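Proteins get letters first, then strands, A, B, ... in listed order; numbering begins at 1 in each. Keep in mind that what you see is a predicted model, and the values were worked out from it rather than measured. Every heavy atom of this structure was used, including side-chain atoms; hydrogens, water molecules and symmetry mates were not.
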Amino acid sequence: MDILAELNSQQQSAVMAGEGPVLVLAGPGSGKTRVLTQRIAYLIGAVGVNPYNILAVTFTNKAAREMESRVQDLLGVRAHGLTLGTFHATCARILRREAEHLPFNSNFVIFDSDDQLGVVKQALADLNLDLKHYTPRGIHASISNAKNYLRLPEDYPIQTYRDEVVKRVYTRYQELLFDSNGVDFDDLLLWTAYLLEETSTVREKYARRYEHILVDEFQDTNLAQYALVRHLGSIHKNIFVVGDTDQSIYAWRGADYRNVMRFEQDHPEAQVILLEQNYRSTQSILNVAMAVIDRNPYRTAKRLFTQRGSGDKIALHETYDDREEATYVVDMIASLVGLKQAKPGDFAIMYRTNAQSRLLEEAFLHRNLPYKLVGAQRFYGRREVKDVIAYLRLAHNPANDISLSRVINAPPRGIGNKSLLALRTHAQKIHLSSGELLLELGWGSGSAHSGAFTRRTLASLATFGALLVGWRAMVAEVPPLTLMDEILEKVGYRDYLDDGTEEGRERWGNVMELRRLAAEYTERDLAAFLEDVALVSDQDTLEDSVNVPTLLTLHAAKGLEFPVVFIVGLNDGTLPHVRSFDDPEAMQEERRLFYVGITRAKDRLYLVIPLNRSAYGYSEPTEESRFLKDIPVDLVEEEGHLRRRPKAGPSYRPDRWVSPSPAAARALKPQYSPGSRVQHPVWGEGMVLSSRIQDDDEIVDVFFAEVGMKRLAASLARLQLKT
DNA sequence: ATGGACAATGTTTTT
DNA sequence: CATTGTCCAT
């Protein structure tokens, strides 16, 4: 099998690692995706493992799909039965299959973040708590955090009065979810972990099945995910995890990069493999990346090296404000494309916060240039899209109260707050959910409940109930698309949206886009469609076939690469974000985020600093990002509007670009002298041509008989000096 | 019940 | 500023 061709020695040992736990520490661009796919192919093709017995977990659906097709390419056939997906999707599958052991049934709906916020608000209202003092967002964050740490409401630790409140809301929140037969994102992990923990039959079933478990982006797992992996691997112990603590950027979501260390502690016998060589970026880009990340404490310094050569210097550019920043970026892209130095699709523009995309989009629009924007929220967060999905969810599960209240009066059909409240109250009285009562009314059994409603209300409710009855009947019979069309037509959704304005037409266009997505579900049912919709990640919305620049947040950029990268908004308060100023841990994460952004670039990196930033309508002067001070001046090529800067000229602070790092000042002595002979683990024997000290490392040029000239970083290359 | 006018309030990142 | 929520008149 030629699976192992074109792999370096570390990659090979990772791919072919034997039984037992394996930890792969992979720097950016070190080919970890390749290692994962090749290992899967190796296990199936060379070791003879049945794909059915392999579980591979990725961070996004897109990554999973890519991996699947690459495994197929390697094997020549589809790996039938392979479990491959995100943590969330995999858990959803397990929960549906094992629902009998759980406090909800198998056609549960996954609540998205808006729904979750709605449930929190409902819970707060039910408990008569003041929304002013307890922000739903904050409360939800606490609940989510508890779930990520596998804490049920009864386990919620109480230290302050607020904890007391959160615990009560959490309890009510869970009740409301169960009543609607819903789960939130965190529940998917929480309940699967609990199921595996508590129910030994289920645990053994899956642990026996999964002879091999592979996990990508291990540094971004939370405690629930860690527990999951541990349970699933409890029998065979063949757990293969890949991660890079320097790229951990999801602590705010409960992720804990210390899981990497925990893994080593829990499995002292684990093989640890380092992937150090970078195949993506130029050395200049890597040097900048290292200069930035080296400032983080408590990490094992990695030396990123490449054989691609040093490449262009990094471009640093100042603009007057964020508006000019946007036009600068777009103009630069336009001229580079015009000069045929790059294709439009080679470019990515990255920013810290979503709000920053607006000016960029406007600049593209203004120049009439196309772009694509990564972000599921952008599409699925739109009112009209949410409405239609809520209709479908309601048809799928009438007990879903959140969806019901969303659509019961959109478009308006005379059922306002009063009627809704009456419906709820009466439903509660007869121990039905509002949706079930609505179905009753729709069947024409209104007389049985006539005492509860006014004649008018009853009529409106019954009309809507009858519609719902019809849709209910269709769910199991027709594909999602047919149901959607029926709903849109029956409620007159088009007329409701399309009010003749540009915006109205755009909104209807979004509905049509959703329709296009639903059209793909011919083999799979409504439940599958709704699940996929709930679990799309931002990256999943990225189409890579289109040759236009990509706009995305730094978070969404993880795992991707682009020939030319712009990182914009490099001022203190944006990157690093203000919210991290008083928290050293958060500040370190901001730094890692910047590092992730830098290491996405293959050939060219532009860092853009707007000297003024508009916030809340005002333009304010800003300080440039503190991270820039850590980049040595010789790696950077400064261009731009220095004249705007009074400090330019002799008083310009060149020292700001000189790394004050004592490490950089440390004098190194070359270990290798021209003419001496060395041994390399992969390329065999070679002769040193030259050697010099650069950036705290020794760069050695070696001529190998086998492969020719190579430039190596001495700290990484594991060269042996032959005597 | 509905829609318009006004006030308040706010922004990290996302499965 | 721009969105979201609240209040009030119809």
Side-chain angles (χ1 to χ4, degrees), chain A residues 57-64 85-92 110-114 116-117 121 131-132 135-138 140-141 144 147-148 183-190 217 220-222 224-225 248-255 350-359 374-378 380-381 383 408-422 454 456-457 460 499 531-541 552-558 569 573-581 583 586-587 589-590 592-594 596-597 613-619:
Chain A
V57 191
T58 59
F59 208 64
T60 66
N61 301 296
K62 181 173 180 269
T86 63
F87 266 107
H88 293 265
T90 308
C91 287
I110 300 163
F111 278 29
D112 65 28
S113 27
D114 265 20
Q116 292 170 36
L117 221 53
K121 283 179 189 162
L131 279 117
K132 292 265 148 54
T135 62
R137 255 177 151 319
H140 180 259
S144 172
K147 289 184 172 186
N148 289 153
V183 300
D184 65 19
F185 292 134
D186 305 314
D187 281 337
L188 293 170
L189 308 175
L190 171 80
E217 309 282 14
D220 282 323
T221 54
N222 59 33
Q225 289 162 326
S248 160
I249 53 174
Y250 285 104
W252 49 273
R253 210 166 84 188
M350 303 176 185
Y351 35 82
R352 176 67 242 262
T353 67
N354 278 305
Q356 291 172 266
S357 74
R358 253 213 9 233
L359 289 171
V374 179
Q377 230 8 56
R378 273 295 186 304
Y380 290 98
R383 197 196 72 204
I408 198 165
N409 209 28
R413 53 174 70 87
I415 308 177
N417 281 328
K418 268 255 172 69
S419 308
L420 185 58
L421 193 68
T454 66
R456 241 179 90 101
T457 313
S460 333
D499 51 3
E531 178 165 318
D532 287 356
V533 161
L535 294 180
V536 281
S537 74
D538 271 8
Q539 270 191 22
D540 297 334
T541 65
L552 74 181
T553 62
L554 288 162
H555 281 90
K558 194 175 70 164
T574 307
L575 183 68
H577 196 270
V578 243
R579 296 274 295 245
S580 65
F581 279 3
D583 179 354
M587 184 56 81
E589 181 150 310
E590 295 292 303
R592 292 195 292 268
L593 196 52
F594 187 33
V596 166
R613 176 187 42 170
S614 33
Y616 305 128
Y618 300 99
S619 191

Provide, to the nearest angstrom, the distance between the CH2 atom belonging to A:Trp252 and the C1' atom belonging to B:dT15. 9 Å

Residues at least two apart in sequence or cross-chain that pass ring pair (Phe, Tyr, Trp, His ring centres under 6.0 Å) with A:Phe59, listed by chain then number, are A:Tyr250

side-chain hydrogen bond (donor to acceptor under 3.5 Å, both in side chains) partners of A:Asp583, counting only residues at least two apart: none

With sequence neighbours excluded, what pairs up with A:Thr574 under the side-chain hydrogen bond (donor to acceptor under 3.5 Å, both in side chains) test? A:Asn571, A:Arg613

Interatomic distance, A:Ile249 CD1 vs B:dT14 P [rounded to whole Å]: 9 Å

A:Lys147 versus A:Phe185: any side-chain heavy-atom pair under 4.5 Å? no

Between B:dT14 atom P and A:Asp540 atom CG, what is the distance in whole Å? 13 Å

Distance in angstrom units between A:Asp532 CG and B:dT15 P, rounded: 14 Å

Toward the 5' end of DNA chain B, by each residue's nearest nucleotide, A:Leu535 or A:Arg579: A:Arg579

By side-chain hydrogen bond (donor to acceptor under 3.5 Å, both in side chains), which residues pair with A:Thr86, not counting sequence neighbours? none

Quick check for you: to the nearest 0.5 Å, what is the distance between A:Asn409 atom CG and A:Leu420 atom CG? 8.5 Å

Determine the contact category for A:Asn354: base if any of its heavy atoms lies under 4.0 Å from a base atom, sugar-phosphate if only primed atoms, P, OP1 or OP2 are that close, otherwise nothing. sugar-phosphate

Using whole Å, what does the distance between atom P of nucleotide B:dT13 and atom NE2 of A:His555 come to? 9 Å

Would you please name every residue forming a side chain to side chain contact (heavy atoms under 4.5 Å, CB included) with A:Thr353, sequence neighbours left out? A:Ala355, A:Gln356, A:His577

Just by distance, with hydrogens left out, do A:Ser460 and A:Thr457 show a side-chain donor and acceptor under 3.5 Å apart? no

side-chain hydrogen bond (donor to acceptor under 3.5 Å, both in side chains) involving A:Thr135 - partner list, sequence neighbours excluded: none

Is A:Phe59 stacked on the base of B:dT15, meaning ring centres closer than 5.5 Å and planes within 30 degrees of each other? no

Restricting to ring pair (Phe, Tyr, Trp, His ring centres under 6.0 Å), what partner residues turn up for A:Phe594, sequence neighbours left out? A:Phe627

Please pick, from B:dT15, B:dT11, B:dT14, the nucleotide with the shortest atom-to-atom distance to any side-chain atom of A:Tyr250. B:dT14

Roughly, in whole Å, what's the span from CZ in A:Arg253 to C1' in B:dT13? 9 Å

Candidate nucleotides B:dT11, B:dT15, B:dT14, ranked by approach to the side chain of A:Ala556 - the nearest: B:dT14

Taking only N and O in the side chain of A:Thr553, is any of them less than 4.0 Å away from OP1 or OP2 of B:dT14? yes

I'd like a table of atom pairs between the protein and nucleotides 1-7 of chain B - only N or O on both sides, under 3.5 Å - with the distance next to each one.
{"from": "B:dA1", "atom 1": "OP1", "to": "A:Ser419", "atom 2": "OG", "distance (Å)": "3.0"}
{"from": "B:dT2", "atom 1": "OP1", "to": "A:Gly414", "atom 2": "N", "distance (Å)": "2.9"}
{"from": "B:dT2", "atom 1": "OP2", "to": "A:Asn409", "atom 2": "ND2", "distance (Å)": "2.5"}

Nearest whole angstrom, please: distance from the P of B:dT15 to the CG of A:Leu117. 16 Å

Starting at the 5' end of nucleotides 1-10 of chain C, put B wherever the base has a protein heavy atom under 4.0 Å, S where only the sugar-phosphate does, and a dash everywhere else. SS--S-----

For A:Arg137, which contact category applies under a 4.0 Å heavy-atom criterion: base, sugar-phosphate, or nothing? sugar-phosphate

Atom CG of A:Asp220 and atom C1' of B:dT13: how far apart are they, to the nearest Å? 11 Å

